[in-house]
Amino acid sequence: MQHPSPSQGPHSPQPGRPLRLVKLPRSFYLRNTTTVARYLLGKYLVRRLGNQRLIGRIVEVEAYLGSRDPASHAYRGRTRRNDVMFWVGGHLYVYFTYGMHFCANVVTCEKGIAHAVLIRALEPVAGLEIMRRNRGRAAARDLCNGPAKLCQALSIRRAENGTDLCGLSIWIAARAGRAKKLKVSRSTRVGITSGREHRWRFYLPESPFVSPGKPS
DNA sequence: TAGTTGATCGTCT
DNA sequence: GACGATCAACTAA
């Protein structure tokens, strides 16, 4: 199985050149979690709302490695909240935090292995008007540059927890055609205070759409 | 521009 | 009952 590699190039569709996207297969998610995290950069998160499509290019992610990662929700085993993390790769794990925010994760690996990749920031590509309405803000740069912001912009909430990314409501896609090499940076994750922190945050250093969290 | 703080509630201990 | 994979508004410099 050939997997698309990180792609670069024009982030938004050129006028007259429609953005052609190919949905990622299940096998994309069934690999090593940090590998999936890195390869998610440059891919497109597609959210279907009725006949509208909201699309954002993934520019920042963090890997969470289940039982071997104290920062992971699944570190202490399976609970009702983190159940989706134990599903087969290619599902969406949405959790509620700080009493008012939702964050979206891509579940990776085989069934029973609670690894996931948190999507931290997107570059808005399509459906910006709806995103603005959802966010109540105008600046494209502020629409999706944080894990809770992008959930708000794409209208991802509790109901989307457990969504199959190989289905028809939310999926991740690559640009059709040949992929170019991407410049990828890594750093420690944002907001992690417990234990020795790993450099499992991956981002595109040249993108102005990464979250304001400070890399180290 | 950087730092601080309040909002707000599900989840787990 | 404490805490949190956050955000936005506010203040100080």
Side-chain angles (χ1 to χ4, degrees), chain A residues 29 33-34 36-38 40-41 45 56 58-87 89 91-109 113-124 128 131-163 165 170 172 184-204 207-216:
Chain A
Y29 305 100
T33 303
T34 51
V36 175
R38 208 171 56 239
L40 278 173
L41 294 175
L45 178 63
I58 300 172
V59 297
E60 182 182 347
V61 296
E62 284 177 1
Y64 287 85
L65 272 60
S67 55
R68 48 181 279 216
D69 179 4
S72 168
H73 286 173
Y75 182 61
R76 290 184 183 79
R78 197 165 185 162
T79 65
R80 206 171 61 180
R81 180 202 203 189
N82 66 27
D83 195 64
V84 173
M85 292 185 80
F86 290 81
W87 297 10
H91 284 87
L92 194 68
Y93 166 51
V94 180
Y95 68 87
F96 184 73
T97 189
Y98 291 104
M100 62 189 95
H101 298 301
F102 292 100
C103 298
N105 298 249
V106 174
V107 177
T108 61
C109 301
I113 301 174
H115 289 194
V117 177
L118 171 71
I119 302 176
R120 287 196 56 87
L122 301 173
E123 171 186 342
L128 269 72
M131 293 185 194
R132 286 196 181 98
R133 210 179 313 146
N134 289 342
R135 294 266 302 128
R137 313 195 128 230
R141 206 169 158 150
D142 290 333
L143 286 176
C144 301
N145 64 340
K149 294 180 188 178
L150 68 92
C151 282
Q152 194 179 20
L154 270 62
S155 193
I156 294 173
R157 288 163 293 206
R158 191 183 317 283
E160 279 62 54
N161 188 30
T163 300
L165 294 173
I170 304 173
I172 296 171
V184 172
S185 293
R186 63 190 295 178
S187 73
T188 54
R189 294 173 295 184
V190 176
I192 309 297
T193 51
S194 59
R196 197 180 105 255
E197 178 45 7
H198 303 274
R199 296 173 71 226
W200 286 340
R201 171 175 178 254
F202 300 89
Y203 61 100
L204 302 181
S207 172
F209 295 90
V210 299
S211 74
K214 292 180 178 51
S216 54

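Residue numbers start from 1 in every chain, and the chains themselves are labelled A, B, ... in the order their sequence lines are given, proteins ahead of strands.
None of Tyr64(A), Tyr95(A), Tyr93(A) except one satisfies the side chain to side chain donor-acceptor pair (under 3.5 Å) rule with His73(A); the exception is Tyr93(A).
Between dA5(C), dT13(B), dT11(B), one nucleotide has an atom nearer to the side chain of Arg158(A) than all others, and that is dT11(B). In the set dT6(C), dT13(B), dC12(B), dT6(C) carries the atom at the smallest distance from any side-chain atom of Pro147(A). If you check dC12(B), dC7(C), dT11(B) against the side chain of Arg135(A), the one that comes closest is dC7(C). Considering only the side chain of Arg76(A), dT13(B) comes nearest among dC7(C), dA7(B), dT13(B). When the nucleotides dA5(C), dC12(B), dT6(C) are ranked by their closest atom to the side chain of Arg81(A), dC12(B) comes out on top. Closest to the Lys149(A) side chain, of the nucleotides dT6(C), dA5(C), dA8(C), is dA8(C).
A stacking contact links Tyr64(A) to dA5(C): the aromatic ring centre lies within less than 5.5 Å of the base's six-membered ring centre, and the planes differ by less than 30°.
When Watson-Crick and G-U wobble pairs are counted only if both distances are under 3.5 Å, dG10(B) pairs with dC3(C).
With rounding to whole Å, Asp142(A) atom CG is found 8 Å from dA8(C) atom P. Arg78(A) places its CZ atom 16 Å from the P atom of dT11(B), with the value rounded to the nearest Å.
The pair Glu62(A)-Arg120(A) counts as a salt bridge, with a side-chain nitrogen and a carboxylate oxygen less than 4.0 angstrom apart.
Across all strands, Phe96(A) comes closer than 4.0 Å only to sugar-phosphate atoms, never to a base (heavy-atom distances).
Note that Arg158(A) lies in the cation-pi zone of Phe96(A), set by a 6.0 Å cut-off to the ring centre and a 45° limit from the axis.
Put simply, the side chain of Leu154(A) does not reach to within 4.5 Å of the side chain of Asn134(A), judged on heavy atoms.
Distances shown here put a side-chain N or O of His73(A) below 4.0 Å from the OP1 or OP2 atom of dA5(C). For Thr97(A) and dT6(C), the shortest distance from a side-chain N or O to OP1 or OP2 is not below 4.0 Å.
You won't find any donor-acceptor pair under 3.5 Å spanning the side chain of Tyr98(A) and the base of dA7(B), going by distance alone.
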